[in-house]
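So that the names make sense, note that chain A is the first sequence line, chain B the second, and so on, each numbered from 1. Only a predicted model underlies this, so the values are computations on that prediction, with no experimental measurement involved.
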Amino acid sequence: MARLKLKEHAINREWCKGCGICIHFCPKQVLELDSMEKVVAARPEDCICCKLCELRCPDLAIEVLTDQDEKNE
Amino acid sequence: MSVKDYLRERYFPHMWCPGCGHGTVLNSLLRAVEALGLNKNDIVMTSGIGCSARISGYVDFHSLHTIHGRALTFATGVKFSKPELKLLVPMGDGDALAIGGNHFIHAARRNIDMTAIVMNNRIYGMTGGQFSPLSGLGKKATTAPYLTIDNDFDVVELSRAAGASFVARTTTYHALEAVDLLKRAIDHKGFSVVEILSQCPTHFGRKNKEGDAVNMLELYKANTAKIGSKALKENPALLARGIFVDENRPEYCEEYEKIIQRATGGKK
Ligand SMILES: Cc1ncc(C[n+]2csc(CCOP(=O)(O)OP(=O)(O)O)c2C)c(N)n1
Ligand code: SF4
Ligand code: SF4
Ligand code: SF4
Ligand SMILES: [Mg+2]
């Protein structure tokens, strides 16, 4: 399988509660909280598309969109 | 279908606290359902009362938000009348094993085909942090300011002894594993139990100085290990994760169908 390539992190700012779970457990320190305590992708270029942030988010507020997603749809 | 297609988005953001593990259980469950390619019209979720039980409001399946401790009872009624449906029964630790303990063991004993998910935060979250039969010894709770003296149930051993034909355990830290175990549990014919340790930072975490949600997940990571792993062999004090029981046994609705055939001389 080809390596996934990031399109973008789709972050639902209305749903994100700033718990920090996605940030702390990201293996590449891609994510950060902004001044509104909402998550943002500060270093998207480092993302390896492991999707652990998406899987653990208790608020279903973050989605890692890759080039594969487009092809599947 | 994407995960969002199984959600009632109009009720979001949900009511759970920041970092509450129950949201991750919902997340894992939706992914399991999606991966199995189930049709949402074939799924019924029943729940009782508790923060955990609110989960049934967020899923776009048939859903019954019922009374405390009776999620399995309602599920039994639905399954018995419509055995072709998939029953998902998420419960809190209090819901499943305090007030609902008797329903739990008897549903397991019958081996009726449904998936019981114990969202175990070791506390009564909704009512303000009273201790539960899963809190364990030496824990702080609103009702145990000087620490608990009650032993806890081991959900895995209890389920096994009561007759559940599929029993597994994981945590909200191990979300990928949770998706896999839930998939297998839902696919299993018979009574399946999946215990998922789920952090309640607001009550259990705060009272027991376990820090925030992130720190509680670090504890799940540090204090558990996969069945058969080297880590578990070297340190039996770790809590085992994985599949503990996976057996094919006569299922209740199928056995009942045979009774109907016997009673009607095969005319039905
Ligand atoms: C018959 C009855 N008794 C007591 C209650 C009060 N009550 C509501 S939720 C709850 C316990 C919730 O704990 P748990 O099932 O562990 O769910 P959590 O909130 O921790 O997810 C209790 C005792 C009730 N609603 N109904
Ligand atoms: S895990 Fe979810 S809710 Fe928590 S900070 Fe990340 S996106 Fe926000
Ligand atoms: S997909 Fe993985 S690497 Fe990318 S932001 Fe999420 S956790 Fe970090
Ligand atoms: S009180 Fe505890 S269980 Fe209830 S929503 Fe808050 S963190 Fe979750
Ligand atoms: Mg509880």
Got [X] and [Y] here, is their nearest side-chain heavy-atom distance under 4.5 Å?
| X | Y | result |
| --- | --- | --- |
| A:Cys47 | A:His9 | yes |
| B:Val44 | B:Leu88 | no |
| B:Phe61 | B:Leu38 | no |
| A:Glu8 | A:Pro44 | no |

Counting backbone as well as side chains, what donor-acceptor pairs lie under 3.5 Å between chain A and chain B?
from: A:Lys17; atom 1: NZ; to: B:His14; atom 2: O; distance (Å): 2.9
from: A:Lys17; atom 1: NZ; to: B:His14; atom 2: ND1; distance (Å): 2.9
from: A:Lys17; atom 1: NZ; to: B:Trp16; atom 2: O; distance (Å): 2.6
from: A:His24; atom 1: NE2; to: B:Glu218; atom 2: OE2; distance (Å): 2.6
from: A:Glu54; atom 1: O; to: B:Asn27; atom 2: ND2; distance (Å): 2.9
from: A:Glu54; atom 1: OE2; to: B:Arg31; atom 2: NH1; distance (Å): 3.1
from: A:Leu55; atom 1: O; to: B:Asn27; atom 2: ND2; distance (Å): 3.3
from: A:Arg56; atom 1: O; to: B:Thr24; atom 2: OG1; distance (Å): 2.9
from: A:Arg56; atom 1: NE; to: B:Tyr173; atom 2: O; distance (Å): 2.7
from: A:Arg56; atom 1: NH2; to: B:Tyr173; atom 2: O; distance (Å): 3.2
from: A:Cys57; atom 1: O; to: B:Asn27; atom 2: ND2; distance (Å): 3.0
from: A:Pro58; atom 1: O; to: B:His14; atom 2: NE2; distance (Å): 2.8
from: A:Asp59; atom 1: OD2; to: B:His14; atom 2: NE2; distance (Å): 3.1

With sequence neighbours excluded, tell me which residues meet side-chain contact (heavy atoms from CB on, under 4.5 Å) with A:Cys22. A:Leu31, A:Val39, A:Cys53

Residue part contacting chain A, namely of B:Val25, when any heavy atom lies under 4.5 Å: neither

Which atoms of B:Leu217 approach chain A - backbone, side chain, both or neither, heavy atom under 4.5 Å: both

What do the steps show when you test A:Ile48 against A:Leu4 for side chain to side chain contact (heavy atoms under 4.5 Å, CB included), and what is the final call? CA-CA 8 Å; A:Ile48 52 169; A:Leu4 293 178; over 6 Å; no

Looking at B:Pro18, B:Gly21, B:Pro201, B:Ala175, which makes the most heavy-atom pairs under 4.5 Å with chain A? B:Pro18

Spacing of A:Leu52 atom CG and A:Cys57 atom SG [to the nearest 0.5 Å]: 12.5 Å

